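The structure appears right after this line, and notes come after that.
FYI, the numbering just counts along the sequence from 1. Computed from a prediction, not measured in an experiment: that's the story for all the values here. Just so you know, ligand 1 is whichever comes first in the structure, and atom 1 is the first atom listed for that ligand.
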Amino acid sequence: MKHQTLLSGAAVLGSASASPAYHPSVQDGIAFAASGLVERALPANAPHGYVPQTNPCPSNTPSIRNATDLSSQEKDWLEVRRNATVQPMRDLLGRMNITGLDTNRYIDDNQNNASALPNIGIAFSGGGYRAMLNGAGHVQAWDSRTENSTNSGQLGGLLQSSTYIAGLSGGSWLVGSLYTNNFSSVSDILSYSGDGSSLWQFENSIFEGPDSGSIQILDSVDYYSSIRDSVENKQDAGFDTTLTDYWGRALSYQLINATGGGPEYTFSSIARQQWFQDGEAPLPLIVADGRAPGELLIASNTTVYTFNPWEMGSHDPTVFGFAPLQYVGTNFSAGSPIDNDRCVTGFDSASFVMGTSSSLFNQGLLLVNNSETSGAFQDALQSVLESALSAVGEADNDIADWVNPFYHYNNDTNPNAESRQLTLVDGGEDLQNIPLNPLIQPERAIDVIFAIDSSADTNETWPTADSGSGWPNGASLEATYRRSLNPIQNDTAFPSIPSVTTFANLGLNSRPTFFGCDSSNFTNASNIPPLIVYLPNAPYVYNSNVSTFDPAYNVTERDAIVLNGYYSATQANGTLGDNSWPTCVGCAILSRSLDRTGTEVPEVCSQCFQEYCWDGTIAQGPLSDYDPTYKVPDEEVSVTGGAGRLGAYGAVVVGLVVGIVNLI
Ligand SMILES: *[C@@H]1O[C@H](CO)[C@@H](O)[C@H](O)[C@H]1NC(C)=O
Ligand SMILES: *[C@@H]1O[C@H](CO)[C@@H](O)[C@H](O)[C@H]1NC(C)=O
Ligand SMILES: *[C@@H]1O[C@H](CO)[C@@H](O)[C@H](O)[C@H]1NC(C)=O
Ligand SMILES: *[C@@H]1O[C@H](CO)[C@@H](O)[C@H](O)[C@H]1NC(C)=O
Ligand SMILES: *[C@@H]1O[C@H](CO)[C@@H](O)[C@H](O)[C@H]1NC(C)=O
Ligand SMILES: *[C@@H]1O[C@H](CO)[C@@H](O)[C@H](O)[C@H]1NC(C)=O
Ligand SMILES: *[C@@H]1O[C@H](CO)[C@@H](O)[C@H](O)[C@H]1NC(C)=O
Ligand SMILES: *[C@@H]1O[C@H](CO)[C@@H](O)[C@H](O)[C@H]1NC(C)=O
Ligand SMILES: *[C@@H]1O[C@H](CO)[C@@H](O)[C@H](O)[C@H]1NC(C)=O
Ligand SMILES: *[C@@H]1O[C@H](CO)[C@@H](O)[C@H](O)[C@H]1NC(C)=O
Ligand SMILES: *[C@@H]1O[C@H](CO)[C@@H](O)[C@H](O)[C@H]1NC(C)=O
Ligand SMILES: *[C@@H]1O[C@H](CO)[C@@H](O)[C@H](O)[C@H]1NC(C)=O
């Protein structure tokens, strides 16, 4: 079985351990000549599949650095990327009709000083496939490669103008999938179906696996056994595995367009892609939370971890350090490898990174008995899953087991300094369901964050009886705001955010709202947080409040959620609202930059800020009802019986996880 070897690397593992010849080229990110792979390949761990490799450390010994500043790689890359955003931003602002400001001249006057120009971040919340697809609609609307997206009323080019793009849980599937697929456009991915790919084909749930004959897999038995083999081989190579490994591997069949879901694709190899090095795409950031077994997470003191293509670690004053992602898996102590002959690569599988950020969902794998899946899945995985489970205990089955790079690092503040393991969980478990933490770090100096919230906060009793379920209510922003008032904030500022009651009563949960518009309202003038453009999931043309745990979507339903997201991003091509939405997006982008350069705010922007900025009003009275109807009823997309359904499988999972989290 030739492809079995490719999938799991089982045979290869044996030969690799038998002949531990060191290949410096692998360490340096250049694939084996013999494998025929080109330099800068995403499948950096080929031909070893999912199995991490141990080799002598490179001469430039990997080490842990403190989080005082950005990495040198990020600083170097930013010079390239910030320059690459200038022309797209000039084009975008030029189309936004910002009367009273010659945006071309503004850009031209400041283009030699990138730090004067707007610095844009985008954040995609968790919320399963709902979050991934709603987010995808926004990406599509903001991508100048999308057909007609640079017409009047459209926002194509915002993606090309952005510096950072962060994802968490379901949002990490979106970000991770785009970056492991060569930064393909959403339109291309959606139009790509039926020819054997299983990329974004969600009609078969993850528990069934892709259709036989796809490029991913030959038949379903191979699907189950290749997942099992790849995880077992990692375990046999001496690395602890958990349910999250199975989960991440299964996810990748839908998210990575390569045989077997690309088990050999590493997240760090994104940094070796030419298009990435040329600054053609924003920096992808994936968020997860630190959680020791048995611990309950709360926003105010959870350590938030971020993955980027160069590093993983935390800006929080607890861990306050970053490890080189390519070498995570290595035993570090007090910042250095314990044994210079034993550096690990290939641990940072892109599947594992996405699986870690979304680990809350992996419990679904335990339900194979109850689901519609075939017995083959059970046979193939049941015993392994049980042993994975018994290793951590049922209450901790959402954990991803990482080798702790921060062992004996920052002993005084790092709650995990004494542990060889670093246990990470779903980034939304601390209730900060939008990945804002890496975007509000002062050294990144971001001016504006487009925060897409696909959380499912409302239910049939909140805000009122008989309200609509599965819509966001601002709780996620509030959690980030509250955290910014606690010691763990360590210089990260955040705009004031009102309570969820005020969100509901003022309708901030159902339309775009800007927070922190007036920078003079911040007491510390040297640390002004970004302006937040909050974009809550709402029904424009489709009821996109599908259940977080709905595991399967046909193409019609998938595309309807994406289209709804497109309408959210563009406010129905700029047709909603009093003032033109594209103009107001331009004003939000420019706001901090205009302050910085002492440029007068144009009158149209003042009008926009009146319309879209939260003005500080608190409305704590009795809760208003929330059961939204289509904002663009004329264009309603009909997917018969498609909205808000919750299959038997979903109901079981919801029952299981409801005690852990109810906001994601
Ligand atoms: C541009 O905005 C002005 C108001 O500031 C409006 O009168 C005009 O119609 C807009 N032009 C276009 C092309 O939308
Ligand atoms: C760049 O712009 C910033 C903000 O406007 C300003 O403080 C700084 O002095 C400028 N630097 C240069 C080299 O012009
Ligand atoms: C783009 O615009 C053209 C001309 O209006 C139209 O024919 C075409 O269908 C549009 N494409 C999309 C994807 O909306
Ligand atoms: C990635 O995109 C570039 C162009 O942007 C193309 O030349 C290359 O073939 C693509 N690679 C893959 C693996 O699709
Ligand atoms: C997926 O991979 C196939 C085979 O390599 C390729 O032809 C196709 O263009 C890829 N699809 C996308 C969306 O990158
Ligand atoms: C976090 O806060 C909770 C509740 O206040 C407390 O029980 C727990 O010990 C704290 N954890 C850390 C790491 O400080
Ligand atoms: C942030 O935390 C680090 C590590 O604890 C500390 O060295 C630094 O002084 C803190 N910064 C601020 C502004 O408090
Ligand atoms: C790391 O240390 C553990 C013991 O804590 C050991 O079992 C494991 O083999 C070591 N890993 C490597 C790659 O040396
Ligand atoms: C951290 O603590 C361990 C033992 O608890 C100790 O061996 C190590 O030297 C300490 N590291 C530093 C940098 O102090
Ligand atoms: C919005 O634009 C899209 C793409 O050009 C088009 O298909 C759609 O009909 C437009 N809808 C409205 C409400 O203008
Ligand atoms: C201005 O700052 C005060 C004090 O932090 C805060 O209570 C208020 O909500 C802020 N106003 C706005 C509009 O953000
Ligand atoms: C897609 O799914 C919805 C309900 O989930 C169903 O009503 C619709 O008929 C399906 N469409 C196709 C083409 O299968």
Side-chain angles (χ1 to χ4, degrees), residues 13 16-17 20 22 26-27 45 48 51-58 61-66 128-130 133 190 193-194 200-205 211 233-241 318-321 323-324 326-348 372 391 401-423 470 541-547 549-564 636-651:
L13 175 71
S17 7
Y22 171 48
V26 173
Q27 301 299 320
N45 202 43
H48 307 293
V51 182
Q53 299 297 301
T54 303
N55 282 301
C57 299
T61 312
S63 61
I64 312 302
R65 67 168 186 93
N66 75 37
Y129 293 106
R130 178 187 64 244
L133 295 173
L190 293 179
S193 60
W200 295 26
Q201 302 298 309
F202 304 126
E203 55 272 79
N204 287 0
S205 85
D211 282 336
N233 290 336
K234 175 178 170 183
Q235 179 83 40
D236 291 347
F239 299 91
D240 289 340
T241 58
T318 49
V319 168
F320 203 64
Q326 186 185 359
Y327 295 104
V328 168
T330 303
N331 284 325
F332 287 93
S333 177
S336 300
I338 287 176
D339 181 346
N340 272 334
D341 282 332
R342 297 185 65 76
C343 263
V344 173
T345 55
F347 188 91
D348 67 312
E372 64 270 29
D401 214 335
W402 287 70
V403 176
N404 185 10
F406 308 106
Y407 178 67
H408 285 176
Y409 185 78
N410 281 342
N411 281 344
D412 295 343
T413 53
N414 176 1
N416 216 28
E418 289 301 319
S419 174
R420 294 273 192 175
Q421 286 181 312
L422 173 61
T423 46
V541 293
Y542 184 69
N543 281 316
S544 52
N545 58 331
V546 295
S547 166
F549 300 101
D550 191 337
Y553 300 85
N554 63 34
V555 169
T556 320
E557 203 176 6
R558 177 194 75 176
D559 292 357
I561 302 171
V562 174
L563 184 66
N564 193 72
E636 173 188 346
V637 181
S638 167
V639 178
T640 321
R645 79 199 149 87
L646 185 64
Y649 161 77

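Using a distance-only test at 3.5 Å, with no hydrogens or angles considered, a donor-acceptor pair links the side chain of Ser419 to the main chain of Gln421.
The side chain of Val344, and not its backbone, has at least one atom closer than 4.0 Å to an atom of ligand 8 (non-hydrogen atoms only; side chain from C-beta on).
Tyr327 and Thr345 get closest at one heavy-atom pair: CE2-CG2, 3.6 Å. Here the closest non-hydrogen pair linking Cys343 and Pro58 is SG-CD, 4.3 Å.
Contacts of Phe347 classified as side-chain contact (heavy atoms from CB on, under 4.5 Å), with partners at least two apart in sequence or in another chain: Pro52, Lys234, Phe239, Val328, Val344, Phe352, Trp402, Val403. Residues passing the side-chain contact (heavy atoms from CB on, under 4.5 Å) test with Tyr407 are Ser333, Asn404, Arg420, sequence neighbours excluded. Thr556 meets the side-chain contact (heavy atoms from CB on, under 4.5 Å) test with Asn554, Val639; sequence neighbours excluded.
Considering backbone and side-chain N/O atoms, Arg342 comes within less than 3.5 Å of an N/O atom of ligand 8.
Listed by chain and number, residues touching ligand 9 at under 4.0 Å (heavy atoms only) are His408, Asn411, Glu418.
Between Trp200 and Phe202, the ring-plane angle classifies as parallel under the 30° and 60° cut-offs.
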